[in-house]
Amino acid sequence: MSSTLVAIFSMGFLGAVFAGGLVLASQKFAVDVDPTVDALERVLPGINCGACGFAGCRSFAEGLAEKKAPPNGCPIGGNDVTTKIGGILGMDTGSANNRKVAQVLCKGGHTEASIRAEYNGPMDCRVANLTQGGDKGCTSGCLGLGTCVESCFFEAMAMNDNGLPLIDEDMCTACGKCVAVCPRDIIVLAGEEYGVHIRCRSEALGKEVRKVCTVGCIACRKCEKECPVDAITVVNNVAAIDYDKCIVCRKCVSVCPVNTIEAQDGKPIVKQKKVG
Amino acid sequence: MKKKSFRGGVHPEYAKDLTSEAPIKTLIPPTEVIIPLQQHMGAPADPIVKKGDYVRMGQLIGESNQVLGAKVHASVSGEVMAVELRPHLTGRSVRSVVIRNDGQDTPAFLERNCDPIQLSRAAIRNRVAEAGIVGSGGAAFPTVIKLSPPDDISIDYLIINGSECEPYLTADDRMMVEYPEDVILGAKLLAKACDAERIIIGVEENKMQAFHSMHKHASSHGIDVVLLDAKYPQGGEKQLIKALINREVPSNGLPFQAGVIVHNVGTALAVTQACRDGMPFIRRVVTISGAGVNDPSNYWVRLGTPFKEIIATAGGFVGEPGKVLAGGPMMGLAQFDLDVPVIKGTSGITVFRREDSKPLDPMPCIKCARCVDVCPAYLLPTRIEAYSMNAMWDESVEYGAMDCIECGCCTYICPSKRFLLQWIRLAKNEIISAKRRQTE
């Protein structure tokens, strides 16, 4: 009997001492956490993709609280998250849609572009580009080995049968991984409302482009003349579109003799451009 | 006698006997030469001629004011047909001067010197720059930059690289056999230009004829000719320095930091021709070899000669060609277009038959560590490959990716046929471009 009591009291005493120690420690070593950081972290997607440029969602939230990061810095979250962040920080983030999606600026797949050599190296565009520039006849076009698809964190990309990457715009979060990984720099981020794209980046002369690709830009300048808002300019033998000016009227699409300019279905004409 | 060597390396099939007995013949200059304005490591030169101009043989046609630049000269006389982008053996198009040969070879050389060794140190350096000489071993580093180390560094050794470890190639071998006096004069001029105290010529043991030829002529000049083990990559700068004088070039460093300067036999010959005969770097010895050509041989080729002319002179292809390499099989660059011209760094053309060039089918790494054993740069190729495949660039730097000399021993020895070098090269490239982005 007495041994049971001794055990109960001694264990109880030790328990009380340790509990007291823990209470003291928790008060003395307490870390002040900015409650806004916790609140911000809760509204962020929490997938730690790093597209904001910070080490993860927590560190982006800390950046926001310290005003080092812009409220629209999370490309994955889009408008919803930006509005919520604005709410927590008491800032007006506006209501403009700034969601972007990736666009592949090359149409030269197996059927359109020529092959100049046999490539037997690793199936990676970056390695192929370093190995004598790969097997494609065009030295600016898509190498078609799918390094961008592998890099996509959100399963928004796939290679189509023609050997070109296909982007699922609903899944795309504009994280920019594919843009960074592409050795030919043919992937860009464009606002999702823009439905007209000049899908060629070749700076070679028109006759050289014709030799290697049936859909490459030959710099004929027809689109440049046709554009009512001067959104298209031909620089270095290739037409480039300024998305900020484009109103998606599709006039350039019909005049392009080589079909380089492509219009996407379901993207209406932008009637008014935002000023400034 | 134990021959000098370095740690690691491989013994590929050298196949040098195809051309090692073939005297250097002169290739008839083609009707049209294509002279790329980038034939060296560094920034391309700017053209100073335009379409329709008449140029003479040896006339300056491209100049560069960049630090890493080299002058480019016309290799024939005739009319400039175009200054435009043309295929280049790096796989990209490079601005080139196309000259239609008038067959006259009207020269526009630099001043001749019957006794070039009397030239001052600055005069030799100046002449090397004027003649557009770059390292003719393959990397094509501008020679004058190698000759001008920082003032506080003293160079005690000049090494003349006659090892020619790349299989199939015999251009350096034949130069040592046929022009030993010119090579030695070039070595003495180079030594004077960089104030080197001693000159060593390293020759691999599979070139005994060249060794004896050099030995006979060098001894009266106080130049050592040393026999080296026949092993690839014995001709790598760092490997050669380790083998001959047992010094190591610091990581990420250049040979002058170890007090050494290394020049190729071909470079020495070009220096002699520039200083004595006033001839700019407009021709070089090219080996054409391999089972894919009918008549493997060595030729004096004018720079800008298209590959197809050389292949035609060498009797054309045997059957269907599988692979045409600019250089040898270990480090050569595969070509897809036979219109590419010979440039300053093209030491050979190797042609393999279709049946001999099989694509590799990589299998998983079996952790045999053979790549580690053969790596002459003391790296772990398989680790760097794995990091590179997973885009872990910082870790690849830690494992010394930047010290890789891209010799390809790891890929050659790998029993699983993995693309080790290709992945390591990707890591190097990514690291360099990240650094460039940071400084911008």
Side-chain angles (χ1 to χ4, degrees), chain A residues 49-50 53 55 113-141 143 145-153 175-185 202-209 211-213 216 219 236-238, chain B residues 82 84-95 320-327 331-340 352 354 357-362 385-386 388-391 393 406 408 411 414 416-434 437:
Chain A
C49 70
S114 69
I115 295 293
R116 64 181 188 185
E118 247 173 67
Y119 175 70
N120 295 322
M123 290 293 128
D124 185 286
C125 298
R126 295 162 302 178
V127 178
N129 192 40
L130 284 178
T131 312
Q132 305 292 84
D135 57 354
K136 264 263 168 80
C138 174
T139 49
S140 335
L143 285 158
L145 300 177
T147 302
C148 52
V149 173
E150 271 166 45
S151 78
C152 185
F153 207 74
C175 69
K177 282 240 159 75
C178 52
V179 178
V181 88
C182 178
R184 292 280 166 97
D185 287 334
S202 171
E203 294 185 357
L205 291 171
K207 63 169 187 183
E208 301 295 326
V209 173
K211 276 184 204 162
V212 294
C213 183
N236 290 336
N237 293 316
V238 63
Chain B
E84 60 184 18
L85 292 174
R86 285 294 182 102
H88 187 260
L89 44 80
T90 53
R92 281 156 186 79
S93 294
V94 167
R95 194 135 69 125
E320 195 196 353
K323 218 173 226 186
V324 178
L325 300 166
M331 285 189 85
L333 305 169
Q335 300 302 312
F336 55 86
D337 190 343
L338 295 179
D339 283 329
V340 296
F352 288 111
R354 169 66 72 181
S357 39
K358 301 187 190 81
L360 302 181
D361 186 17
E385 181 218 20
S388 178
M389 288 173 106
N390 292 295
W393 314 126
E406 303 191 20
T411 313
C414 180
S416 287
K417 307 286 170 222
R418 296 187 67 75
F419 295 113
L420 294 157
L421 168 63
Q422 283 82 351
W423 284 105
I424 298 172
R425 192 185 283 145
L426 172 68
K428 286 177 74 173
N429 190 63
E430 292 285 330
I431 295 158
I432 292 168
S433 40
R437 274 198 300 274

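Letters go in sequence order (proteins before strands), and every chain restarts at 1.
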Answer key: most heavy-atom pairs under 4.5 Å with chain B among A:Thr131, A:Leu130, A:Thr139 is A:Leu130

Value for CD (A:Glu203) from OG (B:Ser93), rounded to nearest 0.5 Å, stands at 12.5 Å

Listing, residues 113-120 of chain A side-chain donor-acceptor contacts under 3.5 Å, not counting sequence neighbours, or none:
residue, atom, partner, partner atom, Å
A:Ser114, OG, A:Val212, O, 3.4
A:Arg116, NE, A:Gly134, O, 3.4
A:Arg116, NE, A:Lys136, O, 3.4
A:Arg116, NH1, B:Gly91, O, 3.1
A:Arg116, NH2, A:Gln132, O, 2.7
A:Arg116, NH2, A:Gly134, O, 3.4
A:Arg116, NH2, B:Gly91, O, 3.2
A:Glu118, OE2, B:Arg354, NH1, 3.1
A:Tyr119, OH, A:Pro122, O, 2.7

Structural part of A:Asp135 lying under 4.5 Å from a heavy atom of chain B = neither

Heavy-atom neighbours of B:Lys323 NZ exceed 12 at 6.0 Å | no

Identify which part of B:Leu85 has an atom lying under 4.5 Å from any heavy atom of chain A, answering side chain, backbone, both or neither.
-> neither

Shortest non-hydrogen contact between A:Arg126 and B:Leu426, atoms and distance = CB-CD1, 3.3 Å

Correct closest heavy-atom pair for A:Val127 and B:Gln422 would be CG1-CB, 3.6 Å

Pairing residues for B:Glu84 by the side chain to side chain donor-acceptor pair (under 3.5 Å) criterion, not counting sequence neighbours | B:Arg86

